[in-house]
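Let me begin by presenting the structure, written as structure tokens, before commenting on it.
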Amino acid sequence: MAAACAEMEPAAAAPPAPPVPPGSAELVCAQGRNLKAVLCQRCGSRVLLPGAATFARRELLLPAMRKKAAAAAGGGGDLLREHWLVRDMFSFENVGFTRDVGNVKFLVCADCEAGPIGWHCLDDKDSFYVALERVAHE
């Protein structure tokens with residue numbers, strides 16, 4: 001399902017921001033942080049304020065976004081590569097966490113429960129990934 005947590009980079013030193021992809025230049029500042037607020041695609045609820053996250057590239061397999069009943073039935077997912085990396089869970093404005101799925105918790109909108117919009121490995125308390133493709137920006 002998701003990449004093994006052992007593959008996560010150590011949280012001790014922040015790596016330099018990866019090059020910004022061509023379509024995302026308006027979303028990332030020179031320091032690699034989000035220029036715009038991050039919102040839920042479904043209800044518009046604010047997930048992150050501008051400047052609260054850093055652009056990161058990492059391949060993560062997230063379950064497909066579906067309603068709860070369809071998600072419970074299982075199925076495929078999406079391999080996503082571009083994320084907002086949040087180092088402190090208290091930086092979020094509005095996010096919920098699923099129950100543990102192995103050693104992973106998925107991030108969802110706390111208002112409408114749309115998701116998963118991101119991923120958190122329980123082995124690394126300081127890394128929360130929000131997929132750019134799963135959120136809107138304002």
inquiry  = Which heavy atom of M65 sits nearest to which heavy atom of P116, and what is that distance?
reply    = CG-O, 3.8 Å
query = Between CZ of R33 and CG of L48, what distance do you get to the nearest 0.5 Å?
reply = 10.0 Å
Least distance between heavy atoms, E26 atom then L35 atom = O-CD1, 3.6 Å
remark   = Interatomic distance, CG@D78 vs CD@E133, rounded to 0.5 Å, equals 7.5 Å
key: Shortest non-hydrogen separation from C109 to I117 and the atoms involved   = N-CD1, 4.4 Å
From R99 atom CZ to F97 atom CZ, the distance as rounded to the nearest 0.5 Å = 15.5 Å
key: Heavy-atom closest pair, residues E138 and K36   = O-CB, 3.2 Å
task = Using the rule that two of Ile, Leu, Val, Met, Phe, Trp, Tyr join whenever any of their side-chain heavy atoms come within less than 4.5 Å, decide whether L85 and F106 are in one cluster.
result = yes
inquiry  = Distance check, rounded to the nearest 0.5 Å: L122 atom CG versus D100 atom CG?
reply    = 5.0 Å
query = Any idea which heavy atoms bring W84 and G32 closest together, and the distance?
reply = CZ3-O, 4.3 Å
query = If only atom types and distance count, is the side chain of H83 paired as donor or acceptor with the main-chain N or O of R58 below 3.5 Å?
reply = yes
request  = Test R134 against every option in V38, V47, L62 by the side-chain contact (heavy atoms from CB on, under 4.5 Å) rule and name the one that passes.
outcome  = L62
ask   = Do F90 and V95 share a hydrophobic cluster, counting only Ile, Leu, Val, Met, Phe, Trp and Tyr and linking them when any side-chain heavy atoms are less than 4.5 Å apart?
value = yes
message = Tell me whether S45 contacts the main-chain N or O of C40 through its side chain, where contact means a donor paired with an acceptor under 3.5 Å.
response = no
ask   = Would V101 end up clustered with L60 when hydrophobic side chains under 4.5 Å apart are linked, directly or stepwise?
value = yes
ask   = Is the backbone of N94 close enough, under 3.5 Å, to the side chain of R46 for a donor and an acceptor to pair up by distance?
value = no
key: Inter-residue atom distance K105.NZ - C121.SG, 0.5 Å rounding   = 12.0 Å
Steps toward side-chain contact (heavy atoms from CB on, under 4.5 Å) verdict (V130, F128) = CA-CA 7 Å; V130 177; F128 303 85; 5.8 Å; no
request  = Ignoring hydrogens and angles, tell me if any N or O in the side chain of H120 forms a donor-acceptor pair with the backbone of S127 under 3.5 Å.
outcome  = yes
query = Are the side chain of N34 and the backbone N or O of A52 linked by a donor-acceptor pair below 3.5 Å?
reply = yes
message = Salt bridge check, R81 against E59: does any charged N sit closer than 4.0 Å to a carboxylate O?
response = yes
message = Please find the pair of heavy atoms, one from A53 and one from V86, that lie closest to each other, and give the distance.
response = CB-CG2, 3.8 Å
ask   = How long is the span from the CZ atom in R57 to the CG atom in L132, to the nearest 0.5 Å?
value = 10.0 Å
query = When the ring planes of W119 and Y129 are compared, do they come out parallel, tilted or perpendicular, using 30° and 60° as the limits?
reply = tilted
key: L107 reachable from F55 in the ILVMFWY side-chain graph, under 4.5 Å edges   = yes
